[in-house]
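Data first, discussion second: the structure below is written as structure tokens.
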Number of protein chains: 2
Amino acid sequence: MKSLRVPEATVTRLSVYSRFLERLDRKGITTVSSGDIAEGVGVSPAQVRKDLAYFGEFGTRGVGYNVKDLMRYTQKILGLDHNWSLILVGAGNLGYALCTHKGFNARGFTIVGVFDNDLSKIGKQIQDLEVYPLEKMPEIIEKYSARIGVIAVPSRNAQETADIMVKNKLEAILNFAPVTINVPEHIELRNVDLSVKLEILTFNLGLRSEKNSSI
Amino acid sequence: MKSLRVPEATVTRLSVYSRFLERLDRKGITTVSSGDIAEGVGVSPAQVRKDLAYFGEFGTRGVGYNVKDLMRYTQKILGLDHNWSLILVGAGNLGYALCTHKGFNARGFTIVGVFDNDLSKIGKQIQDLEVYPLEKMPEIIEKYSARIGVIAVPSRNAQETADIMVKNKLEAILNFAPVTINVPEHIELRNVDLSVKLEILTFNLGLRSEKNSSI
DNA sequence: TAGATTGTTAATCGATTAACAATC
DNA sequence: TAGATTGTTAATCGATTAACAATC
């Protein structure tokens, strides 16, 4: 597996390809072409081949790709060939939702600890997890070798939560709070903002209304 | 407000600027420079000015931008100057979570109807919303002039749900199911995949381990 | 006026696409 | 072999950045 600068968009698409391949595999389909994948996920065939080319040669000229093999390759590339333990901070509505969300487990992500400093939440049970105070974080991280933290606290507490995660040696953070947080260079940080995509929709609906009204 | 091809990344950043400006406004700060915004949200000052330039001239040379004004401009551009009614299909864990999520309301999005075809879910109460059967969708869309639908059903039901939304004249769809769905050209569609960003993190952590092991 | 910061142009950078030789 | 599809190069396209004139 080559190791060079891969566009983040490529990694995102790889994740989509991976899911598509899983579906084909479940259907019992054994071979796909870049064109099939492209059509299935809504990109160009050249894009599919180029994305894969960052990581190696997985196909057979004149034939296409073996579904099961390519599926496993993409999963391996994305790090989905083994389980990941997640630490989650914030036992509010969003935190609760993320804990009960089955999509994470399906991709090999397991939330192994939920933390909150709100006394009214500590001790509560979320499925088979008990909400712990933040002090218990190091212990759980150690126990499950967790490397990734998920922030599901209100915006005003997001930065301090990130700081604690960094102090506790987590290496990557997924932030659901709609606020910019700062972490040292060596920490991987990504934000998921649940309403940004909605705002893109409303932006586009707005553009559309303008066009109509100007006719 | 000019109407030209605006990069989607610009719209996404605009949403981030908007939130940052709201925060400054709450703090009572009245003026910002592109450099301040850039530092606050982690982009370059040129990027900030360029993004704003798609929509007009909002600043004063030598001075900067008026926080309150720019905040309102960005909100208006994003369509956040008025409320949007959302229809949600899928009353499972994710659907429940989205209904109880306060972040939507904070940005002017109100879920006005929750639908599911699962008999065990119909009639249930999610906060002040009752889960209705899908047949009731046209009525609710009409009543609240909803234009946007949110898909929170399992992947296998996502396409049919989208089809129903299209048939019911919704104009935009936000899809939380991790599957590619097809809609007519004139429908705005965006996907939110809760684990894609996690996979980018695991991809990067994987790259890192490789580097370390190759030392 | 001097200092600061915008708005905008031109240069750079990077990603996507088209095209085709390689090859099954 | 003929047909098909990959892997890869070169061309295109688009977005970001640097730089600076405009101007408060």
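- The separation between B:Leu14 atom CG and D:dT16 atom P is 13 Å, rounded to whole Å.
- Taking 4.0 Å as the cut-off between side-chain N and carboxylate O, A:Glu8 and A:Arg190 count as a salt-bridged pair.
- At the phosphate of C:dT16, neither OP1 nor OP2 sits under 4.0 Å from any side-chain N or O atom of A:Tyr54.
- Of the listed nucleotides (C:dT16, C:dT6, C:dT8), C:dT8 has the atom at the smallest distance from the side chain of B:Glu57.
- D:dC13 atom C1' lies 13 Å from atom CD of A:Gln47, rounded to whole Å.
- Distances from the side chain of B:Lys50 to the nucleotides D:dC24, D:dT16, C:dT17 place D:dT16 closest.
- Between A:Leu198 and the options A:Ile200, A:Leu201, A:Val196, a side-chain contact (heavy atoms from CB on, under 4.5 Å) holds for only A:Leu201.
- Each of A:Asp51 and B:Gly62 lies near DNA chain C, and the nucleotide nearest B:Gly62 is the one positioned closer to the 5' end.
- B:Tyr65 has no side-chain polar atom (N or O) that falls below the 4.0 Å cut-off from OP1 or OP2 of C:dA4.
- Between A:Tyr65 and A:Phe58, the gap from one ring centroid to the other reaches at least 6.0 Å.
- Near DNA chain D, meaning a heavy atom under 4.0 Å from it, residues 19-42 of chain A has A:Ser33, A:Ser34 in order of number.
- Under a 4.0 Å N-O distance rule, the pair B:Arg19/A:Glu199 qualifies as a salt bridge.
- Under 3.5 Å, the side chain of A:Arg49 and the base of D:dG7 form at least one donor-acceptor pair of N or O atoms.
- Residues B:Thr110 and B:Asn83 have side chains that bring a donor and an acceptor to within less than 3.5 angstrom of each other.
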